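Counting convention: from 1, in listed order, for ligands and their atoms alike. Worth saying up front: this structure is predicted, and the values here are computed from it rather than measured.
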Amino acid sequence: MTTSKLIIGNSLPNIPWEDKPEGRTDVVWRCSKNPVIPRHQSPTANSIYNSAVVPFKDGFAGVFRCDNRARNMTIRRGFSKDGLNFHIEDDNIDFICDDPEIGHFIEGYDPRVIQLDGKYYITWCNTYHGWSIGVAWTEDFEKFYQMENAFLPYNRNGVLFPRKIGDRYAMLSRPSDTGHTPFGDIWYTESPDLTFWGKHRHVMSSRRNGTVNWEMTKVGAGPVPIETTEGWLMIYHGVITTCNGFTYSMGVALLDLDEPWKVIYRAKPSILAPEELYECVGNTPNVVFPCAALTDADTGRIAIYYGCADTCTGLAFTQADELVDFLKENSGV
Ligand code: BMA
């Protein structure tokens with residue numbers, strides 16, 4: 001066993017947490033209160049899922065994908081004292097943008113949020129003549145300032161690293177198409193200023209090794225990568241195409257700390273697959289879609305927020321040392 005002091009980061013004594021149930025052998029286990037955010041937590045929402053949470057003041061704040069009752073995809077703020085019970089706003093975030101060319105975007109979805117350089121940065125899948133990666137910042141979760149879109153359309157699943165790599169900011173993303181994209185690899189890109197992006201590097205492809213497997217169709221980054229002494233822990237989603245459509249599961253890989261486009265380990269099995277009713281039945285059946293992870297460097301605890309069947313939000317737990325051991329034991333191409 002590796003030690004539990006793997007995570008490089010802050011302590012978070014109030015991280016939402018439940019010990020692994022007695023007798024369970026899975027490396028990731030679900031919260032007994034799932035789904036922690038039900039679909040109508042805000043009365044104007046048809047569904048609340050694929051959402052992101054960060055520590056904020058003495059509790060937590062987040063950006064939430066809320067599809068409204070017209071099924072438009074919107075992003076809203078939310079707050080929680082304990083990471084389990086959330087207040088989600090009934091109105092969309094009104095992003096402030098001084099360039100009318102990109103401001104007041106029509107729809108946005110699948111947000112991520114990260115604390116970086118004393119601000120909170122939000123990335124999301126944004127409309128600008130097709131899907132691009134929107135970027136914005138806030139200091140207080142009151143006012144949100146929209147920046148330039150990071151990439152040309154079409155792109156999804158833009159996820160910032162929590163610190164600079166060398167002297168540049170870095171982001172994972174997944175170039176895509178106009179629709180539901182029957183392909184998808186994870187890429188790495190750098191920026192000196194969070195506005196101009198380049199130095200594109202391939203990180204990993206869907207698992208096209210000739211077998212039928214859970215991530216054979218496409219992969220996309222999930223939560224902000226977790227820095228550990230062994231590398232960046234990247235929790236991601238992988239997709240298989242079945243006779244009933246796409247099934248989304250959760251996977252894990254470890255990326256090199258200095259050159260994060262280099263994959264050190266990649267687990268062959270998924271770490272969480274749709275099994276529970278709320279993951280298998282909903283607007284899009286059979287989807288678990290991770291978008292955020294809280295970590296406590298003292299205990300190695302990791303709490304993962306994930307969308308369930310494009311309808312509600314679940315929480316799952318793992319332990320950094322267990323996850324890295326799992327990776328080492330189950331890595332392969
Ligand atoms: C993807 C995105 C996600 C969604 C998933 C499953 O393309 O639209 O928001 O959870 O499909 O429908």
With a 4.0 Å cut-off on heavy atoms, is Arg65 touching ligand 1? yes
With atoms numbered from 1 as shown, which atoms in ligand 1 lie under 4.0 angstrom from a non-hydrogen atom of Asp310? 4 (C), 6 (C), 10 (O), 12 (O)
Donor-acceptor pair between Asp117 and Tyr169 side chains, under 3.5 angstrom: yes
Taking N or O atoms only and a 3.5 Å limit, does Asn50 qualify as a polar contact for ligand 1? yes
Numbering as shown, the atoms of ligand 1 that approach Asp110 to under 4.0 Å (heavy-atom distance): 2 (C), 3 (C), 9 (O)
Is there a donor-acceptor pair under 3.5 Å between the side chain of Ser191 and the backbone N or O of Asp193? yes
Of all the non-hydrogen atoms in the protein, which one sits nearest to atom 8 (O) of ligand 1, and at what distance? Tyr109 CE1, 3.8 Å
So does Ser176 get a backbone contact from the side chain of Thr181, meaning a donor-acceptor N/O pair under 3.5 Å? no
If only side-chain N and O atoms count, and only distance matters, is there a donor-acceptor pair under 3.5 Å linking Thr211 with Asn209? yes
Proximity winner for atom 11 (O) of ligand 1, if only heavy atoms of Phe246, Tyr248, Tyr49 are counted: Tyr248
Quick one: does NZ or CZ of Lys218 land under 6.0 Å from the six-membered ring centre of Phe183, within 45 degrees of the ring axis? no
With no hydrogens and no angle check, just 3.5 Å: does a side-chain donor-acceptor pair link Ser205 and His202? yes
Numbered in order shown, the ligand 1 atoms found under 4.0 Å of a heavy atom of Thr284 are 12 (O)
